[in-house]
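Report on the structure given below.
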Amino acid sequence: MNAGAYQSAAMKQGAYQTAQNASEDPRSREYRLFIRVTAQLQRALDEQDTGPVLGLALHENRVLWNALMDDLSQEGNQMPRDLKAQLISLGIWVNRHSSSVMRGDATVGPLIDVNKMIITGLAQQADNTDAPEPVEAVGGLKA
């Protein structure tokens, strides 16, 4: 594919993704992102990767958790104060544990477990009409 065709395809994909994100409710978007990132972490674990696959998965997980913590700290966030505090504390732990994993001092398994708990919570909050796919059916994850 030439550079012009690649740019055109990337722009179309970006436009499609933007349209999909605009029509998707925030809870479903969070669910989908946690599924994707957790699948990356699981792949790194399954492959016993300690290099680029693991590094990218940890980076993506941190980006997701940092965005979540940023959202939770916003004044307009409607989540109960205690739950916000617990999730922010969990996000801080995710960042610290990720650093330990990169140093080889810890394993990625606990990060996967935490993400799966979040995925389960998001799925339980969804309406039956809008319910996301079960964890088992997405990205090869097993709850």
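Here, residue 1 is the first one in the sequence, and each next residue gets the next number. Basis for what follows: all heavy atoms, side chains included, without hydrogens, waters or symmetry-related copies.
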Has Asn66 got a side-chain atom pairing as donor or acceptor with Arg62's backbone, closer than 3.5 angstrom? yes

Would you find more than 12 non-hydrogen atoms of other residues, nucleotides or ligands less than 6.0 Å from Gln48 atom CD? no

Shortest non-hydrogen separation from Asp49 to Pro52 and the atoms involved: OD2-N, 3.7 Å

What distance separates Ile88 CD1 from Leu68 CG, expressed to the nearest 0.5 Å? 8.0 Å

Would a hydrophobic clustering, with Ile, Leu, Val, Met, Phe, Trp and Tyr connected at side-chain separations under 4.5 Å, put Val53 with Leu56? no

Please, which pairs that meet ring-ring contact (aromatic ring centres under 6.0 Å, His included) have at least one residue in residues 46-80, sequence neighbours excluded? Phe34-Trp65

Between Glu47 and Leu45, is there a donor-acceptor pair closer than 3.5 Å when you use the side chain of the first and the backbone of the second? no

What I want to check is whether the side chains of Thr38 and Arg43 have a donor and an acceptor closer together than 3.5 Å. no

Would you tell me whether Asp105 and Ser100 have side-chain atoms, one donor and one acceptor, within less than 3.5 Å of each other? no

If you measure from CG on Leu122 to CZ on Arg32, what distance do you get to the nearest 0.5 Å? 12.5 Å

Ignoring hydrogens, what is the shortest heavy-atom contact between Val37 and Ala57? Give both atom names and the distance. CG1-O, 4.4 Å

Without hydrogens or angle criteria, can the side chains of Asp82 and Gln86 be said to hold a donor-acceptor pair below 3.5 Å? no

Value rounded to 0.5 Å, distance of CE in Met69 from CD1 in Ile92: 6.0 Å

For Met79 and Lys84 the tightest heavy-atom approach is O-CE, 3.2 Å

Answer whether the closest heavy-atom distance between the side chains of Val94 and Leu64 falls below 4.5 Å. no

Side-chain donor-acceptor pair under 3.5 Å between Asp25 and Ser28, yes or no? yes

Using the ring-ring contact (aromatic ring centres under 6.0 Å, His included) rule, collect all pairs that involve residues 72-123, keeping only residues at least two apart or in two chains. Trp93-His97

Please name the pair of heavy atoms, one in Gln125 and one in Arg27, separated by the smallest distance, quoted to 0.1 Å. OE1-NE, 2.9 Å

If we check side-chain contact (heavy atoms from CB on, under 4.5 Å) with Val101, which of these qualifies: Leu54, Asn61, Leu41? Leu54

Hydrophobic clustering (ILVMFWY, side-chain heavy atoms < 4.5 Å, transitive) - are Val63 and Val114 grouped together? no

Output for pair (Ile35 CD1, Glu30 CD), nearest 0.5 Å, gives 12.5 Å

